[in-house]
Amino acid sequence: MPSQSTTTCCSGPCASESATVSSGLPFPDVLDGDRMVLRVSRLCCPTEADLIRKALMDMKEILHLDFDFIRRELMVIHRGANRSMICAALRTVNMEPDPDPTVADTLPGRSLPPRTGVSRREWTITTVAGLAALVAEGLVWGGLDEQSPWIVALALASLSVGGVGTLKRGWIAMRHVSLNIHFLMSLAVLGAMALGQWPEAAMVVFLFGLAERIEALSMDRARHAIRGLMALAPETATLRNATGEWESVAASSVSVGSVLRVKPGERIALDGVVTDGRSDVNQAPITGESVPVMKETGQPLFAGSINGSGVLEFRVTADFRHSTLARIIDTVQEAQAKRAPMQRFVDRFARYYTPAVVGIAMGIALLPPLLFGAPFSVWVYNALVMLVVACPCALVISTPVTVVSGLAAGARRGILIKGGLYLEQAHALRAVALDKTGTLTHGQLEMTDCVVLNDHDKEKVLRLAASLASHSEHPVSAAILASWGKERPLLQVRHFEALAGRGVRGTIAGEVHHLGNHRLLEELGLCRPEVEKILLPLEQDEKTVVVLSSFCEPLAIIAVADRMRAGAPQAVERLRKLGITVTMLTGDNTATATAIARHAGIDDVRAERLPEEKLRAIEGLMGRFGVVAMVGDGINDAPALARASIGIAMGATGTDTALETADVAIMNDDLGKVAEFVRLGRATRRILWENIALALGIKSFFLILAGLGVATLWMAVLADMGTSLLVIFNGRRLLRFFA
Ligand SMILES: Nc1ncnc2c1ncn2[C@@H]1O[C@H](COP(=O)(O)OP(=O)(O)OP(=O)(O)O)[C@@H](O)[C@H]1O
Ligand SMILES: [Cu+]
């Protein structure tokens, strides 16, 4: 029995109702029922969705159904239903869910259906059926009569080897009045047999079976693009046990805090921090960059990375399920389950398309015979051809395949995109706002100058500054504290207060002191010309300057400097080449900001912005350019990231907040990835449109042929399956976008 196996993914959603298949979160709020997720191996396209819908529709416990064709999952939102009653209902349409997932299946990245593939037996069946059909067709061409016993016998042989599965599924669909591809195929085959066209009936079934197999294989590849990432983390790790010996254990059993060892060339099993050793590590699975990074004591390691030439010992910081790699995979999986706008558009379109074509087909079958007395057999045949062509499978399957390929390509490149929506929106991106500290620059500030005013004691003044700074996590404060040193004594600070966008304040030895920028100094009324004379040249030198002041006078001017990221000017240039306006957004002073911007090649600088002004600047850009991205490190610019159409966080490896707040997370510090993301988005958009045009173009062409009565059934099958294959292959091209 062919086709019954789980390997054949039906080609397509000929479901008349495929458009009502809603997929992806969020669910409407009113649906506050319980959720149950079932894996259904046979669920691979809206054809089956329609059947499932029909089977479950009558159960009053069921509120909503949701389908994920890439993961082959059915989500049931219900009130009071249980697994066994749902399974029973699904069994009636031959869509029985897989057994409850095992623990291994629920691990991140393992929650994909097992790779199915096409077995040798199935290939044999297809080959035998194909040979029989071909011989029959050949004999007819050679002059034998179509109805001759030899031909009929060959065709029947071919059908019984290769067609039973299709016919059976067609029968199930017919019983449930579901206009799916199997039903249409069965109808076409039975119609051809009734009309005495035996070789053609056999040919149609063979072609259909063949195309289904190829399609199953290529869909599988798209599905597993993500799974491939997970395979990067090894299943075993070398652990130091209680007695201090090294032993090999399952990676999933290692707990946080354990010490592991990796040998040269081995893959790292879990996230951790190096405790001993020195080695170059290839972090490509995380950052997409295969340039090795030197790791020493205290530095982070990520699961999936490949150790270079040294031996490393490290302490595990996250268990198997919570490694950075696992989070990447989970994010991509969640992202692909959300519907991109284009997908929704296609679904809506299919809702009208299929019934319309079915209507036209009816007209074709009935009108010519009724109006002009044309032969029924000819026009029924033409109508059958039309129905087969009409299947919107290619259209409906093309978008998820494209989006998932784009998401996977990004993830492999260290660009983590949290939804097809952002990938699609990227094509419309006209402006990018870049945060300065931590994005254009490294964010590792160092104190460079300290000018003491009015003969104050330098040591005393620095201690005051460091004491205030010690209460703040701001990079400027951190730099001042670092230059003072951790061990040296600090003064006690009371009534400490951080002044957003300005600095800090606190009472030391009974007197209020401020440490902050020029704006703060002005606001305090303590600014003097002699201060500005020192301050301005430092600012023009790309340094960030703060002033320490007592209650009545400025005490010292302190400058800190940051280094620009190596690739920043090139990254800005690449964005500009893509037609994108680049803006710098910073809380730092105008002189410093302008100097750094000039260095990076940015003309539009918005400096001295308080946090809420940054939000307004983003809104202003959105008003002017429409789709605007904000690029930040996700640490202190989360509100602006959230406000922008696309919030892009840099250096997301290791910081959970960046991964969570951003729409797109760039795993390493490479600003150039922003341009890559835009290019990927544009390519995705282009392929989506190509696929829609391909599907509609080929279909309309054959619909016209069918309407003219010159298309044959096997042509229709070729057109239908061919288009599906074409859009899948086209979509999958994105997987190699960065190759
Ligand atoms: N805690 C602080 N300690 C010292 N200086 C501070 C502190 N907070 C703010 N400042 C001063 O105020 C300026 C603006 O701060 P804000 O936090 O708004 O911007 P930023 O985060 O430094 O810059 P960017 O917007 O580029 O990230 C800083 O450049 C610094 O001079
Ligand atoms: Cu001033």
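FYI, the numbering just counts along the sequence from 1. Order of listing sets the numbers, starting from 1, for every ligand and every atom in it. In what follows, every heavy atom counts, from backbone to side chain, and hydrogens, waters and symmetry copies are set aside.
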Note, T684 side chain near H427 side chain (heavy atom, < 4.5 Å): no

Note, E619 side chain near R643 side chain (heavy atom, < 4.5 Å): yes

Intermediate values then yes/no, side chain to side chain contact (heavy atoms under 4.5 Å, CB included), D449 and I534: CA-CA 11 Å; D449 307 77; I534 304 169; over 6 Å; no

Ion pair E459/R488, N-O distance below 4.0 Å: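 R488 and E459: salt-bridged.
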
Ionic contact status for R576 with D603, cut-off 4.0 Å: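 Counted as a salt bridge, because a side-chain N and a carboxylate O are separated by less than 4.0 Å.
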
First-shell residues of ligand 1 [heavy atom, distance under 4.0 Å]: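 Residues near ligand 1: D435, K436, T437, S472, H474, V476, S477, G501, R502, G503, V504, N517, T544, V546, T586, G587, D588, K614, N636.
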
Distance-only polar pair, side chains of H514 and E523, donor-acceptor under 3.5 Å: no

